[in-house]
Amino acid sequence: MTVLANEQVEQGRGWRSGALVERRELTQWFFRISSMSEELLAALDGLENWPAKVRLMQENWIGKSRGLQFSFERTDGGDPISVYTTRPDTLMGASFIGISPDHPVAKALEAENAQVAAFVAECRKGATTEEAIETAPKLGLDTGIRVRHPLDPEWELPVWIANFILMDYGTGAIFGCPAHDQRDLDFCRKYDLPVIDTFLALDNPRPVATEAFVPPKTEPVRWLDHFAGLNVATGQEAIDATIDYAEAHGWGEGVTKYRLRDWGLSRQRYWGCPIPVVHCDACGVVPERKENLPIRLPDDVSFDKPGNPLDRHPTWRDCACPKCGAPARRETDTMDTFVDSSWYFARFTAPRAQTPTVMEEAGYWMNVDQYIGGIEHAILHLLYSRFFARAMHATGHLPEKCKEPFDALFTQGMVTHEIYVTRDERDRPVYHLPEHVEWHESGARLGATGESVEVIPSAKMSKSKKNVVDPVNIISAYGADTARWFVLSDSPPERDVEWTAAGAEATHKHLARVWSLCERIAGMDANAAGEGDDELLRETHKAVHEVTMGIESFGFNVAIAKLYAFTNTLARSKAGGAAQGQAMRTLAQLMSPMTPHLAEDIWHRLGGEGLVATAPWPVADETMLTDDTVTLPIQINGKRRAEISVPRDMGKAEVEKSVLAVDAVQRALNGAAPRKVIVVPGRIVNVVM
RNA sequence: GCGGGCGUGAUGGAAUGGUAGACAUAUCAGACUUAAAAUCUGAAGGGGAUGUCCCCGUGUGGGUUCGAGUCCCACCGCCCGCACCA
């Protein structure tokens with residue numbers, strides 16, 4: 001048997017072998033991350049330097065909800081079926097009970113009923129992703145079991161097994177209310193179950209037909225025959241009233257649930273840390289002794305057969321029970337590699353220590369000041385790490401202050417590239433590196449064999465698809481400075497970017513221009529004054545300000561744009577050698593994060609002291625950043641029609657007077673008085689007529 | 001399907017609710033040159049008028065506002081995640 005990952009399952013078959021895939025239950029190891037659901041949710045508020053979108057995604061992932069849990073009595077006297085619902089207010093619209101194919105009731109039936117067994121087997125084909133489950137066609141099977149409605153013992157409801165109900169969430173059973181849930185409605189229309197409205201819109205009270213009526217919970221609606229006596233109320237008010245009613249009458253209770261599931265970390269694979277647990281016939285499952293940790297993987301394994309090599313290794317499994325010393329067997333499941341990525345940063349604070357961490361070192365180096373990763377890690381990796389840090393604190397491996405390990409988070413975009421594929425003799429995909437592909441008039445071909453290549457649209461670079469590019473070509477052709485500047489200059493780092501090397505040459509030319517500018521300035525009299533020295537000084541301070549702001553806000557492309565602009569300003573300046581030398585040295589400093597080598601050369605050439613790398617970062621003088629006069633655009637009815645130059649500190653009334661005197665404004669007004677004049681000091685004027 | 005994003009010239013992109021297209025690439029024109037390359041200068045969102053003016057324009061359709069690329073609603077397209085890719 002081989003265990004496949006979700007992504008290796010295609011249409012119910014293994015992606016390589018084509019063998020039919022079935023889902024089986026395994027006994028596995030879990031981390032109880034769900035015990036920290038509330039803590040992980042509440043602490044999101046404190047992560048001020050994380051992107052709001054990531055916090056929101058984690059909040060939704062944890063998925064705190066309040067709802068009603070109650071049971072339906074079976075008419076056959078079997079165990080009641082417990083359901084959890086966030087919309088108990090729609091209970092009068094129930095038309096069936098749905099249970100997961102993995103629900104205990106379904107399992108009991110499976111053993112004795114061939115039809116149920118076949119249906120459940122059908123549901124268990126294919127991948128287990130939430131996406132696969134939710135997008136699959138809705139399938140159901142009436143179990144024949146009937147339950148009583150809690151508010152009306154005469155009202156019997158059928159129990160259906162449905163493939164879209166997840167065993168992992170709530171109780172694995174729901175009541176279906178087709179009038180107010182689209183999935184339930186689709187299901188009821190398909191299987192001809194009744195649709196009962198429980199509330200109608202105030203403005204357009206029509207019964208539900210093909211589209212479920214699901215207004216926001218804050219919108220008031222009119223209730224039909226609500227048991228708790230509601231007439232017009234919002235969904236939220238109705239939910240609260242229903243929970244109170246159920247609790248008062250003793251047939252249900254309000255509960256808070258989280259969508260977050262425990263973290264299944266077992267992998268039936270070789271590449272992962274062994275789970276340090278021993279199975280003993282006498283003592284059961286026993287943790288390995290601390291002094292025997294870490295358990296190492298054996299080196300002598302083979303991958304020539306399917307399945308987990310640890311399972312068939314001749315001796316690795318054999319060990320002594322840590323408790324009684326009798327011969328025992330090691331656990332052969334290994335850990336999810338997410339386990340490693342959840343605490344590597346803490347290990348880095350004491351990489352050679354014999355213990356996992358050293359409190360003192362962790363206390364000194366942690367937390368991570370600025371964490372950078374792709375948005376694809378927004379949920380799993382970042383949530384697991386937050387959980388792990390708390391767990392490591394609880395077990396004495398990290399100090400209290402490390403519970404949130406990443407002070408600031410920046411989510412960089414992905415670098416994408418086209419994917420190049422050929423097919424082998426069994427029609428399986430074979431991927432090729434972009435550097436091995438040549439473009440001809442007839443399309444893309446392999447450089448080596450001339451074989452025609454299929455081109456798949458851009459996707460994030462990944463080793464498995466081989467759509468990766470090594471910057472070494474740019475570096476060897478133009479040098480590291482050019483490569484760094486080029487990579488940083490084009491796109492904002494948080495955005496996805498299609499990789500292209502076009503433009504690297506132009507970058508190289510620009511850097512060459514900067515160097516010849518430096519040479520020209522080096523030839524000037526370093527003490528001479530010139531025309532516009534003050535102006536250049538002012539521009540220098542502005543450049544310092546803007547470039548610094550750009551770098552600090554991760555706007556590297558904008559910072560580089562300002563460097564281009566400042567370079568152009570300097571190249572055109574008629575200022576003297578003193579001012580130009582000063583400006584050029586400052587330019588070198590501002591460029592140094594992107595082009596460290598060139599920056600040092602310029603610095604040295606123009607008599608800078610020591611190294612740019614060790615010189616203090618330039619600081620802009622606030623008073624140099626503003627000009628004495630400003631140019632204000634003049635809008636008439638919101639459209640730009642003219643502009644006016646006024647002293648920076650001119651009062652609103654005076655600005656208004658000057659604006660009304662402008663020809664274009666006079667012409668537009670045509671003798672009439674404006675209805676309103678809006679003056680935003682230093683920015684804009686809008687004349688409304 | 002659910003959750004989160006993104007959409008601006010030929011291209012990458014800029015723009016605290018305040019002059020849309022900064023800066024750059026590619027392109028075109030000019031200078032230099034016997035010529036080309038390199039270099040330098042300039043043009044350039046679309047359309048009309050052709051020297052200072054007008055109309056249109058940030059995926060589509062509505063809305064809020066004196067003013068919307070930016071905020072709100074609906075839709076379209078693309079991307080990320082959906083717990084065993086990591």
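Numbers restart at 1 for each chain; the letters A, B, ... are given by sequence-line order, proteins then strands. These values consider heavy atoms only, across backbone and side chains, with no hydrogens, waters or symmetry-generated copies.
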K.L.:
Measuring from the side chain of A/Q268 (C-beta onward, heavy atoms only), which nucleotide among B/A86, B/U19, B/C84 has the closest atom?
P.N.:
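Nucleotide nearest to A/Q268's side chain: B/C84.
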
K.L.:
Is there a side-chain contact between A/R261 and the phosphate of B/A83, meaning an N or O under 4.0 Å from OP1 or OP2?
P.N.:
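No.
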
K.L.:
Kindly indicate, with the supporting measurements, whether the criterion side-chain contact (heavy atoms from CB on, under 4.5 Å) is fulfilled by A/I684 and A/N686.
P.N.:
CA-CA 7 Å; A/I684 203 167; A/N686 192 8; 5.7 Å; no

K.L.:
A/R675 near the nucleic acid: base, sugar-phosphate alone, or nothing, with a heavy-atom cut-off under 4.0 Å?
P.N.:
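Nothing, no nucleic acid heavy atom in range.
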
K.L.:
Closer than 4.0 Å, any side-chain N/O of A/K639 to the OP1 or OP2 of B/C56?
P.N.:
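Result: yes.
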
K.L.:
Contact between A/V54 and A/I375 at the side-chain level, heavy atoms closer than 4.5 Å - yes or no?
P.N.:
yes

K.L.:
Taking atom types as they are modelled, is there a donor-acceptor pair under 3.5 Å from the base of B/C82 to the side chain of A/E131?
P.N.:
yes

K.L.:
Applying a 4.0 Å non-hydrogen cut-off, can you work out what A/G264 is touching in the nucleic acid: base, sugar-phosphate, or nothing?
P.N.:
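Result for A/G264 = sugar-phosphate.
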
K.L.:
Go through the N and O atoms of the side chain of A/Q28 and the base of B/C84, and report whether any donor-acceptor pair is under 3.5 Å.
P.N.:
yes

K.L.:
So, do A/Y478 and A/W485 have ring centers that fall under 6.0 Å from each other?
P.N.:
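For A/Y478 and A/W485, the ring centres are not under 6.0 Å apart.
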
K.L.:
Looking at A/R538 and A/T626, would you say the former's side chain and the latter's main chain have a donor-acceptor pair under 3.5 Å?
P.N.:
yes

K.L.:
State whether a side-chain donor-acceptor pair under 3.5 Å links A/Y371 with A/S385.
P.N.:
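Side chains of A/Y371 and A/S385: no pair found under 3.5 Å.
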
K.L.:
At under 4.0 Å, does any side-chain N or O of A/N568 touch on OP1 or OP2 of B/A24?
P.N.:
yes

K.L.:
Taking only residues two or more places apart in sequence or in another chain, which ones pass ring-ring contact (aromatic ring centres under 6.0 Å, His included) with A/F164?
P.N.:
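Listed in chain order: A/F187.
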
K.L.:
So if I define the base as every atom that isn't primed, P, OP1 or OP2, how would nucleotides 3-9 of chain B read as a B/S/- string at a heavy-atom cutoff under 4.0 Å?
P.N.:
BS--S--

K.L.:
Is any side-chain N or O of A/N6 under 3.5 Å from a base N or O of B/C84, one able to act as donor and the other as acceptor?
P.N.:
no

K.L.:
Once you apply the 3.5 Å cut-off to both distances, tell me the Watson-Crick or G-U wobble partner of B/C75, or none.
P.N.:
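B/G59 is the nucleotide pairing with B/C75.
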
K.L.:
Do A/R683 and B/U16 share a donor-acceptor pair, side chain to base, under 3.5 Å?
P.N.:
yes

K.L.:
Measuring to OP1 and OP2 of B/G18, would you say a side-chain N or O of A/N686 lies under 4.0 angstrom away?
P.N.:
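A/N686 to B/G18 OP1/OP2: no side-chain N or O under 4.0 Å.
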
K.L.:
Would you classify A/T507 as touching base, sugar-phosphate or nothing, given that sugar-phosphate means primed atoms plus P, OP1 and OP2, and contacts are heavy atoms under 4.0 Å?
P.N.:
nothing

K.L.:
Please work out if A/R641 contacts a base, only the sugar-phosphate, or nothing of the nucleic acid, heavy-atom cut-off 4.0 Å.
P.N.:
sugar-phosphate

K.L.:
Choose from B/C84, B/A20, B/C82 the nucleotide whose nearest atom is closest to any side-chain atom of A/V3.
P.N.:
B/C84

K.L.:
OP1 or OP2 of B/C82 less than 4.0 angstrom from a side-chain nitrogen or oxygen of A/T129, does that happen here?
P.N.:
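Indeed not, no polar side-chain atom of A/T129 lies that close.
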
K.L.:
Taking NZ, NE, NH1 and NH2 as the nitrogens, is one of them in A/D102 or A/R124 under 4.0 Å from a carboxylate oxygen of the other?
P.N.:
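Judged by the 4.0 Å cut-off on N to carboxylate O distance, A/D102 and A/R124 do form a salt bridge.
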
